[in-house]
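Encoded as structure tokens, the structure appears first; notes follow it.
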Amino acid sequence: MKIGFLLLFVLLSISSNAQSPIEIEQKLQSRTLTDSARVELLVDFCVANTFANQPKNLTYAQKALQISRKIKYPLGEIRALNCVGNYYYQQAIYDKAVTYYTQALRLATRLKMTENIVIGNSNLASVYTRDKKFEKALVLLKEADKILLENGSKDNPKRAAILTNLGIAYSDVLQYQKAIACHEEVLRICESAKIPFGIILAKSNIGSCFFKQNQFEKAIPFFQAAIRIAKENQASNLLGQPLAELAVCYQKRKDYTHATALLNESIAVSKPINDQNNLLTAYQKLHELAFETGDYSKAYKTLLLYQSKKDSVYNIEKEQVISRLSEAFESKKKESKIKSLLQEKRITDLKNQTQERTIWILALVFLMLIGLAFALFKRYQIRKRNELIRASYEETTRTLQAEKRATESELTALKSQMNPHFIFNALNSIQHLFMYGDKVVANKQMENFTTLTREILSFSGKRNITLSTEIELLKRYLELEKMRFNDDFEYDIQVGSELDPDFDSLPPMILQPFVENALKHGLLHKKGTKKIEISFSEIDNTLLCTIYDNGIGRKAARELSEKRVQHESFATSAIDKQLELLNTDETTYSVAYEDLYEDGIAAGTRVVLKITHKE
């Protein structure tokens with residue numbers, strides 16, 4: 001288990017309650033009353049047993065939540081919600097973790113419980129860090145630390161937990177000096193309060209900061225101290241990472257015997273807690289050590305172990321992705337079925353209305369027999385009524401056909417969002433990196449590619465998404481397209497201060513076809529620095545989305561296209577059809593193209609998409 005983001009709720013409880021899970025469970029068996037004391041015991045068990053990652057944690061946390069709500073015990077409800085969130089966080093089910101963390105934070109905010117507001121900020125920051133949204137995590141953690149300082153908690157263990165998280169967040173954005181300063185402050189607080197758990201984490205995290213900077217000699221004493229204190233306090237669940245990183249330090253010293261022993265010990269402590277990531281790292285380092293020392297038989301065996309563990313980890317990730325895609329598919333299928341039933345009901349209602357009106361017509365025809373003059377008048381009245389009914393029926397039929405065409409157009413727009421050539425080029429570039437380039441970059445780009453694909457599938461059924469989500473999708477797309485160019489390609493995305501990226505919305509991936517055209521037709525054939533600038537602003541209820549490129553211009557692009565067999569840009573035709581269907585009485589969409597020149601020479605193209613909301 002990697003010593004990564006520390007859940008504040010865990011450290012606060014561990015520092016205030018040193019009981020083992022076994023001791024707490026014995027007390028639970030002797031106390032059967034459904035009161036607040038039982039809630040606290042259930043929560044204490046979950047906290048003390050957090051890193052064991054057992055299903056029992058979820059069962060006990062849910063029991064604590066049920067009792068707290070029944071007896072109206074808000075503090076217990078907040079703590080139980082955080083425990084449920086902790087379980088899903090450890091299982092890497094981050095969407096459910098966020099749901100429970102947010103419920104706990106809202107309740108704490110409503111009740112003005114400062115300590116639990118701090119806990120909520122820290123727990124949500126941990127999820128943002130796992131999702132690589134480090135800047136958002138830093139904002140939450142700085143706010144939590146400010147609250148603690150304002151409440152006079154400078155030397156309190158609560159602040160040690162926040163600073164641990166803050167230090168790790170700084171490390172993730174490569175600000176190692178700030179990270180070390182945070183961990184040193186944690187070490188001071190925990191040594192003063194005599195909290196072994198916090199001391200182990202602080203020393204291990206300081207060692208990791210030096211380790212990531214390749215300052216191995218500075219890292220060694222911190223790892224050694226963390227390992228020694230962990231063993232003295234029987235905290236074997238915290239030994240995996242420092243043992244593995246210390247082994248690499250000894251490898252750099254050419255002390256292969258000591259390094260091998262440390263890696264074997266790391267594997268031994270990681271297996272009981274099923275720390276897949278640390279086992280993967282340890283097997284990989286054992287393989288490298290064996291190969292480096294010429295023990296090729298051992299190198300082969302450890303390679304097989306590493307490969308087996310790698311396949312196991314990736315299979316788990318694939319199963320999670322497949323499960324989420326299956327849920328999305330089933331949900332979409334149910335929505336489609338409901339829509340179909342509603343359409344059938346509308347048609348049936350119309351038929352019933354027609355039948356009822358026909359009966360009335362027959363009755364009127366019968367009445368016409370009473371008298372010629374009266375009958376002629378009634379016949380004229382009936383004819384007009386029939387025309388209105390027929391017009392209504394035809395209008396309804398046209399409406400249903402229009403809805404069907406709109407659905408088909410949405411599917412067409414979805415297909416155009418991911419150009420097959422882009423998918424092929426992206427996978428080809430990633431494969432090339434795996435074989436001949438930087439495998440770390442290749443892994444990062446592969447993760448970027450799968451995330452982009454998953455998010456596009458997730459948003460395909462939505463009418464609108466937030467501006468921040470659209471920007472994140474564009475960044476992932478541009479990072480992948482960037483692999484097709486040399487280092488002379490750059491992009492920039494700006495958002496006007498009058499906009500709220502987390503509130504303002506627009507149709508998903510609506511800008512991607514324009515960006516694709518800028519890359520394919522404007523920049524691909526340009527020599528020198530290639531640049532794309534995307535900006536968002538708002539004027540008089542109109543959202544302006546501007547895409548600028550310094551490419552060869554539309555005229556030159558058309559001339560190149562005429563020299564070889566070309567087909568109409570699928571992305572352009574699809575977006576034209578999509579914009580046509582998106583236009584409503586409330587919202588209109590329009591596109592303007594501007595060819596840019598400098599001294600009579602083409603200097604790029606500017607495309608402005610206007611989304612106007614009528615009052």
Side-chain angles (χ1 to χ4, degrees), residues 5-91 93-127 140 144 147-148 151 153 156-162 165 193 195 197-198:
F5 231 81
L6 174 66
L7 302 173
L8 175 58
F9 187 50
V10 176
L11 181 58
L12 291 182
S13 301
I14 289 178
S15 62
S16 62
N17 185 358
Q19 297 178 90
S20 69
I22 296 175
E23 293 174 333
I24 298 172
E25 200 159 24
Q26 289 174 347
K27 291 183 179 180
L28 274 170
Q29 292 174 354
S30 62
R31 186 175 188 88
T32 57
L33 292 175
T34 54
D35 56 5
S36 60
R38 182 169 179 79
V39 170
E40 293 299 326
L41 286 172
L42 289 167
V43 170
D44 287 343
F45 176 86
C46 295
V47 172
N49 207 38
T50 294
F51 297 113
N53 201 19
Q54 296 174 349
K56 186 184 291 186
N57 289 14
L58 179 60
T59 302
Y60 280 14
Q62 290 174 334
K63 285 183 180 179
L65 181 59
Q66 181 182 8
I67 295 172
S68 297
R69 287 173 173 172
K70 182 178 180 180
I71 65 175
K72 297 182 180 181
Y73 179 39
L75 178 60
E77 184 176 350
I78 293 171
R79 299 188 71 203
L81 286 167
N82 277 317
C83 282
V84 176
N86 291 348
Y87 174 80
Y88 286 122
Y89 175 84
Q90 293 295 102
Q91 291 285 333
I93 306 174
Y94 300 124
D95 53 346
K96 289 189 176 181
V98 167
T99 298
Y100 286 97
Y101 285 154
T102 303
Q103 289 181 30
L105 180 58
R106 285 175 180 170
L107 183 56
T109 303
R110 180 162 58 85
L111 298 176
K112 298 181 180 181
M113 294 183 174
T114 303
E115 178 179 303
N116 287 287
I117 294 173
V118 172
I119 292 172
N121 280 359
S122 179
N123 288 345
L124 283 175
S126 68
V127 181
L140 287 171
I147 293 173
L148 289 173
N151 284 273
S153 300
N156 197 295
K158 305 173 187 176
R159 186 165 180 257
I162 286 293
N165 293 348
I195 305 174
F197 180 85

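The main-chain N or O of R38 is found under 3.5 Å from a side-chain atom of D35 such that the two form a donor-acceptor pair. A donor-acceptor pair under 3.5 Å links the side-chain atoms of T109 to the main chain of L105, judged by distance alone.
Checked by atom type, the side-chain pair Q62/Y87 shows no donor-acceptor distance below 3.5 Å. Judged by distance alone, the side chains of Y101 and N86 do bring a donor and an acceptor atom under 3.5 Å apart.
For Q66, the CD atom counts as loosely surrounded, since its 6.0 Å shell holds 12 or fewer non-hydrogen atoms of other residues, nucleotides or ligands. Applying the 6.0 Å contact sphere to CD1 of I22 captures no more than 12 heavy atoms from other residues, nucleotides or ligands.
Here the CG atom belonging to L42 is positioned 9.5 Å from the CD atom belonging to E40, to the nearest 0.5 angstrom. Separating the SG atom in C46 from the CG atom in N57 is a distance of 5.0 Å, to the nearest 0.5 Å. Note that CZ of R106 and CZ of R110 are 11.5 Å apart. Values are rounded to the nearest 0.5 Å. Remark: L111 CG to I117 CD1 distance equals 9.0 Å, nearest 0.5 Å. Interatomic distance, CG of L140 versus OG of S122, reported as 9.0 Å (0.5 Å rounding). Remark: N82 CG to L107 CG distance equals 10.0 Å, nearest 0.5 Å.
With salt bridges taken as basic N to acidic carboxylate O contacts below 4.0 Å, one links R79 and D44.
Residues I67 and K70 have side chains not in contact (no heavy-atom distance under 4.5 Å, counting atoms from C-beta outward).
In terms of heavy atoms, A144 sits closest to I162 at CB-CD1, 3.5 Å. Nearest approach of I78 to A104, heavy atoms of both residues: O-CB, 3.8 Å. Across all non-hydrogen atoms, the minimal contact from S68 to G76 is OG-C, 3.3 Å.
Taking the salt bridge (charged side-chain N to carboxylate O under 4.0 Å, His left out) definition, one finds that K56 meets it with E25, sequence neighbours left out. Remark: R69 pairs with E77 by the salt bridge (charged side-chain N to carboxylate O under 4.0 Å, His left out) rule, at least two apart or across chains.
The side-chain contact (heavy atoms from CB on, under 4.5 Å) test with T114 singles out one residue from L148, I147, I119, and that residue is I147.
Note on ring orientation: taking the six-membered ring where Trp is involved, the planes of Y88 and Y100 are parallel (angle under 30°, cut-offs 30° and 60°).
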